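This report concerns only the one structure given below.
Given the structure is predicted, the values throughout are model-derived calculations rather than measurements. These numbers come from the heavy atoms of this one structure, side chains and all, not from hydrogens, waters or symmetry mates.
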Amino acid sequence: MNLHFRAEGKGKTIVLIHGLFGSADNLGLLARELKQHYQVISIDLRNHGLSPHSDQFTYQDLAQDIIDTLDHLAIDQFDVVGHSMGGKVAMTLSALIPHRVSHLIVIDMAPVVYHTHRHQNVFNGLREVNLHPITKRSEAEQYLARYIEDAGVRQFLLKSLAKTETGYQWRFNVEGLIAHYATIMGWQPTSQPFTGKTLFIKGQLSDYIEPQYRDAIMAQFPNAKAHVVANTGHWLHAEKPETVNRIINQFLAQ
């Protein structure tokens, strides 16, 4: 699969991987800083952004797409940063090609199965938009608001609403993501631990990394370090980009 990606800067390669419902632009505040010292590859995962849609959607599929992209670019060694679902993709990369991953940075995600359905209201809103002919973004937001109270979440989703010849349409594959939601929330522990340099960055107010996940993290990433960013939630890289960038740069220098 030929993923859409953006390459910026020069130097050692660092790959940025967005989360569910996102695109390469979501980690733009990180890329803006990192591209001053690195070649930054910002990826649109399959079924997201400008990358192709597919009925196949496993973490192995998503990771292999990135491997194929890096092979096409003749990039061997790289660092990787993944947020949320992108964190699980990054962790899968470290299992498939551990010898090529120099630094693994996971933002607010754990290598565990999440049993709570966290996005039903989002899926309901996306489907509601798809039921109507949309001629302007404000119409789409009104339909989203029937299910999604948080204006920030609505604005995040609307970044992936694209104008086409037949009206506005979602860039991500709504029905494909719904069909594979159990896979997205799931996780298969890696057969061999990744012993490379690993950092988990947690938003203090987020519940994606909890104390009970520590054993699972250390079993799969025995050299992992952790950093908690105070007074932030799941979108800590957008809430405190300077802090997260400083943490990432300090870790990459190790």
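Of the possible donor and acceptor atoms, one in the side chain of Arg100 sits under 3.5 Å from a partner among the backbone N and O of Ile75. Under a 3.5 Å cut-off, the side chain of Asp108 and the backbone N or O of Gly203 do form a donor-acceptor pair. Arg137 places a side-chain N or O within 3.5 Å of a backbone atom of Leu161 that can act as its donor or acceptor partner. Side-chain atoms of His18 never come within 3.5 Å of backbone atoms of Ser42 as a donor-acceptor pair (strictly under, hydrogens ignored). In this structure, the side chain of Lys88 engages the main chain of Val112 through a donor-acceptor pair within 3.5 Å. Gln204 places a side-chain N or O within donor-acceptor distance of the main-chain N or O of Asn231, the cut-off being under 3.5 Å. Using modelled atom types, one side-chain atom of Asp44 and one backbone atom of Ala24 make a donor-acceptor pair closer than 3.5 Å.
No continuous path of ILVMFWY side-chain contacts below 4.5 Å connects Ile14 to Val106, so the two sit in separate hydrophobic clusters.
Between Phe57 and Asn173, the closest side-chain pair of non-hydrogen atoms is not below 4.5 Å. Phe172 places none of its side-chain heavy atoms less than 4.5 Å from the side chain of Asn47. Between His115 and Val113 the shortest side-chain heavy-atom distance falls below 4.5 Å. Contact annotation: the side chain of His83 approaches that of His234 to within less than 4.5 Å [non-hydrogen atoms, C-beta and beyond]. At least one side-chain heavy atom of Leu34 sits less than 4.5 Å from a side-chain heavy atom of Leu252. Side-chain contact between Asp25 and Arg6 is present, with at least one heavy-atom pair separated by less than 4.5 Å. Contact annotation: the side chain of Leu30 approaches that of Ile107 to within less than 4.5 Å [non-hydrogen atoms, C-beta and beyond]. Between Val101 and Phe78, the closest side-chain pair of non-hydrogen atoms falls below 4.5 Å.
When each of Val81, Val80, Asp79 is tested with Leu16 by the rule side-chain contact (heavy atoms from CB on, under 4.5 Å), just one qualifies, namely Val81.
With sequence neighbours excluded, the residues satisfying side chain to side chain contact (heavy atoms under 4.5 Å, CB included) with Leu96 are Ala63, Ile67, Thr92. Partners of Arg146 by side chain to side chain contact (heavy atoms under 4.5 Å, CB included), not counting sequence neighbours, listed by chain and number: Glu128, His132, Tyr143. With sequence neighbours excluded, the residues satisfying ring pair (Phe, Tyr, Trp, His ring centres under 6.0 Å) with Tyr181 are His117, His119, Phe123.
Counted within 6.0 Å of CZ on Arg214, heavy atoms from surrounding residues, nucleotides or ligands total 12 or fewer; the atom is thus considered open. Atom CG of Asn2 has 12 or fewer neighbouring heavy atoms from other residues, nucleotides or ligands inside a 6.0 Å radius.
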Show your reasoning for whether side chain to side chain contact (heavy atoms under 4.5 Å, CB included) applies to Ser54 and Met1.
-> CA-CA 9 Å; Ser54 172; Met1 177 169 291; 3.6 Å; yes

Trace of the side chain to side chain contact (heavy atoms under 4.5 Å, CB included) decision for Leu144 with Leu158 | CA-CA 9 Å; Leu144 287 176; Leu158 288 169; 3.9 Å; yes

Checking side chain to side chain contact (heavy atoms under 4.5 Å, CB included) for the pair Ser51/His4: CA distance, chi angles, key distance, verdict?
-> CA-CA 5 Å; Ser51 286; His4 175 263; 3.8 Å; yes

Could you go through the side chain to side chain contact (heavy atoms under 4.5 Å, CB included) check for Ile201 and Ile248 one step at a time?
-> CA-CA 9 Å; Ile201 308 177; Ile248 290 174; 4.0 Å; yes

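For residues 47-69, the salt bridge (Lys or Arg N to Asp or Glu O under 4.0 Å) pairs, not counting sequence neighbours, are Arg46-Asp65. Counting only residues at least two apart or on different chains, the side chain to side chain donor-acceptor pair (under 3.5 Å) pairs with a member in residues 235-254 are Lys225-Gln254.
We find that Arg154 and Glu149 are not joined by a salt bridge, their nearest charged nitrogen and carboxylate oxygen being 4.0 Å or further apart.
Taking each heavy atom of Pro222 and Phe194 in turn, the nearest pair found is CD-O, 3.4 Å. Between Lys35 and Arg32, the shortest heavy-atom distance links the atoms CG-O, 3.5 Å. For the residue pair Arg127 and Val174, the shortest heavy atom distance occurs at CG-CG1, 4.4 Å. Taking every heavy atom of both residues into account, Lys12 and Ser102 meet most closely at NZ-CB, 3.4 Å. The heavy-atom pair separating Leu20 from Met85 by the smallest distance is N-CB, 3.7 Å. The two residues Tyr213 and Asp207 make their nearest non-hydrogen contact at CE1-O, 4.5 Å.
Ring pair His103/Phe251 is perpendicular by interplanar angle, where above 60° counts as perpendicular and below 30° as parallel.
We find the CD1-CG distance between Ile66 and Leu45 to be 5.5 Å, quoted to the nearest 0.5 Å. Rounded to the nearest 0.5 angstrom, Leu104 CG and Asn223 CG are separated by 11.5 Å.
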Donor-acceptor list for residues 184-193 side chains, cut-off 3.5 Å, not counting sequence neighbours:
unit_1, atom_1, unit_2, atom_2, d
Trp187, NE1, Pro111, O, 3.4
Trp187, NE1, Gln220, OE1, 2.8
Thr190, OG1, Gln192, O, 3.3

